[in-house]
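Chain letters run A, B, ... following the sequence lines, proteins first, then strands; residues in each count from 1. Model, not experiment: these values are computed from the prediction.
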Number of protein chains: 2
Amino acid sequence: MATRTRQSQRRTEALSRERIVEAAVELLDAAGAGGLTVRALTERLTTGPGAIYWHVGNRGELLDAATDAVVAAALATESAEAPDTPQDEIRAVALGLFDAITEHPWLATQLAMQLSRSPLGSVTPRIFESIGQQVRALGVPERNWFTATSALVHYILGAAGQNAANARVLGPDVDRAEFLAAASRAWEELDPEDYPFTRAVADQVREHDDREQFLAGIDFVLTGITTLHPPTGPQ
Amino acid sequence: MATRTRQSQRRTEALSRERIVEAAVELLDAAGAGGLTVRALTERLTTGPGAIYWHVGNRGELLDAATDAVVAAALATESAEAPDTPQDEIRAVALGLFDAITEHPWLATQLAMQLSRSPLGSVTPRIFESIGQQVRALGVPERNWFTATSALVHYILGAAGQNAANARVLGPDVDRAEFLAAASRAWEELDPEDYPFTRAVADQVREHDDREQFLAGIDFVLTGITTLHPPTGPQ
DNA sequence: CTCCATGTTGGAACTGCGCTCCAAACCTGT
DNA sequence: ACAGGTTTGGAGCGCAGTTCCAACATGGAG
C-alpha cells in the first residue's frame with residue numbers, strides 16, 4: 001500500500017487566502033456562523049487543514065477576513081453617482097450595510113463581535129469613514145464630528161443587527177409574513193400587567209416594513225444631529 | 001476498589017437552576033463568553049455534567065438564562081423613584097443597560113445574538129416595554145410608537161455593544177486611557193488618502209467620555225422623535 | 001538535465017468541547 | 001424499613017480547532 005495517494009496533479013486552481021475567504025463566505029451564507037468549520041472548508045476546497053492554516057492563521061482570523069470582505073464590498077457598491085444631499089448619502093451607506101446583513105445574516109453577530117473585540121480592526125474605520133465624510137458635509141461643527149458619527153454608526157449597526165433575524169429563513173416574503181405574525185401573536189399573549197405597551201404595538205409589528213423603519217430611525221438621528229448641532233456656515 | 005467514591009454527604013447547598021445560572025454569570029464575567037464551559041461549571045460547582053444538564057438543557061439555554069438574569073436585574077434597578085420627565089426615564093433605562101454591559105462585557109454579543117436569533121425570547125419584550133412606556137409618555141402619536149421605540153432600542157443596544165470593548169480590561173481609568181490612546185494612535189496612522197475623516201477625529205477619540213457620548217446619541221434620537229412626531233395632546 | 005532549497009500541501013493525531021447515558025446515591029411517603 | 005421517583009457525578013462518544021510532519025511541487029544553481 002502506497003504511503004500517499006495524493007492527487008497526481010497539484011490543484012488546477014492554486015489555493016490562496018482569497019479563495020479561502022471566498023469559500024468561507026459561501027459556507028457562512030449557506031449554513032450560518034456555525035457552518036464555517038475547518039473540516040467543511042477542507043472538503044469544499046478538496047485540501048487538508050494544513051493548507052488552510054498555512055494561509056490563514058486560525059478560524060477567528062478567517063471570520064474577520066470574511067466580515068471585512070463583505071463589508072468592503074457593501075460599502076464599495078453605492079458610491080458610484082453622488083450628487084445627492086449628505087442625508088441621502090448617509091441613507092445609501094446605511095442601506096448598503098442593511099442589505100449586506102440581510103443577505104449575509106451571520107454578518108450581524110460577526111460585526112458586533114468584531115467591533116466590541118477591537119475597534120482597531122479594519123472594519124470599523126471603513127464604516128466610520130463612509131459615514132463621517134457625510135457628517136462633515138452636513139456642516140456639523142468639527143468638535144461634534146466624532147459624537148455625531150458615532151451615534152449614526154451605533155444606530156446603523158444596532159438596527160441592522162436586529163433585523164438580521166427576519167432574513168434568516170429562506171423565503172423573501174412568505175416566511176417573513178409568517179415570522180412577523182408569529183412574533184406579533186407572541187407579544188399579544190404577554191402578561192397585560194407587565195407588558196401593556198408591548199401588547200399595544202403587537203399589531204404594528206405585523207404591518208411594518210423593515211427598510212422603512214430602518215430609514216425612519218436614521219431620520220430620527222439625522223434630525224437630532226442637525227437640530228442640536230446646526231451647520232456653522234460652509235464646510 | 002469501590003465502584004464509587006462519591007462524597008459522603010450530598011451537597012450542603014442543593015444544586016438548582018438558579019445556582020447554576022449564578023455560577024454561569026460569574027464564569028462569564030471572569031473569562032468572557034468562551035469561559036463558560038460545562039467543564040468549568042462542573043468544577044466550580046463540584047459536580048458532574050449530568051447534574052447540570054438535568055437542570056438546564058444545553059449550553060445555549062444557559063447563556064440565554066444568564067443574559068436574561070443580568071438584563072432583568074439591570075432594568076429593575078433604576079425604577080425606584082420616578083417623577084422625572086420621560087426623557088430622563090429613557091436615559092435612566094438606557095444607562096442601566098449601558099452599565100450592565102460595561103460590567104458584563106459578554107452581554108453585548110450575547111444580546112445581539114439572542115435578539116437576532118428570536119425576538120420571541122423574554123429579553124426583547126423586557127427592554128422594549130421599559131422604553132416603550134416612556135415613548136408613550138412622551139406623547140408620540142400611537143401609530144409611531146413601534147417605530148420610535150424600535151429606533152431607541154436599536155441605538156441603545158448598538159451603542160452599548162460597541163462600548164463593551166472599553167470595559168474589557170480591568171482597570172477603571174488607567175487602562176482605559178491607554179486603550180483610547182492606542183486606538184487614537186492607530187487611527188492617526190491610517191492612509192490619509194482613504195481615511196481623511198477618521199484621521200481628523202482621532203484626537204477626539206482620546207478625549208471623549210463613553211457615557212456622555214452615549215447620552216448624546218440618545219438625545220439625538222429623542223430630539224428626532226419629538227421633532228418628527230410631535231405630541232398630539234395629552235397621552 | 002539534475003539536484004537541492006524553498007515554499008506549499010494534505011492527512012494523522014492531539015486536545016478540549018458539548019452532550020448522552022447510566023448506575024449509584026439521595027429523599028419522600030408509607 | 002423499604003419502594004418509588006428524583007437528583008447526582010462520571011465515563012465516554014462524536015466533533016470541533018489546531019499542530020505536526022512527511023510528501024509533493026517548483027524554480028534557480030551547477
Problem set entry | Intermediate values then yes/no, side-chain contact (heavy atoms from CB on, under 4.5 Å), A/L28 and A/V70 | CA-CA 11 Å; A/L28 286 166; A/V70 173; over 6 Å; no
Exercise. To the nearest Å, how far apart are B/Y53 OH and D/dA11 P?
Worked result: 17 Å
Problem set entry | Among C/dT9, D/dT7, D/dT19, the one nearest A/L15 by side-chain distance | C/dT9
For this session: Look at the aromatic rings of A/F146 and A/F128 and report parallel, tilted or perpendicular, splitting at 30° and 60°.
Result: tilted
Seminar exercise, completed: The correct set of residues in residues 25-44 of chain A placing a heavy atom under 4.0 Å from DNA chain C is A/R39
For this session: Using atom CG of A/L63 as one end and atom C1' of D/dA16 as the other, report the distance to the nearest whole Å.
Result: 14 Å
Problem set entry | Nearest to side-chain heavy atoms of B/H55, which nucleotide of C/dT9, D/dT8, D/dT18 | D/dT8
Problem set entry | Ion pair check, B/E61 and B/R17, cut-off under 4.0 Å | yes
Seminar exercise, completed: Of the candidates C/dC19, C/dT9, D/dT18, the side chain of B/R59 sits closest to C/dC19
For this session: Test side-chain contact (heavy atoms from CB on, under 4.5 Å) on A/V93 and A/I156 and set out the steps.
Result: CA-CA 10 Å; A/V93 172; A/I156 290 169; 5.8 Å; no
Exercise. Atom CG of B/N58 to atom C1' of C/dG18: distance rounded to whole Å?
Worked result: 9 Å
Exercise. For the pair made of CD1 in B/I20 and C1' in D/dT8, what is the distance, rounded to whole Å?
Worked result: 11 Å
Problem set entry | Carboxylate-amine/guanidinium proximity below 4.0 Å for B/D194 and A/R126 | no
Exercise. What integer distance in Å separates B/I52:CD1 from C/dC17:P?
Worked result: 13 Å
For this session: Would you confirm whether B/Q213, through its side chain, and A/T147, through its main-chain N or O, come within 3.5 Å as a donor-acceptor pair?
Result: no
Seminar exercise, completed: When rounded to whole Å, the CG to P distance for the pair B/L45 and D/dT7 reads 16 Å
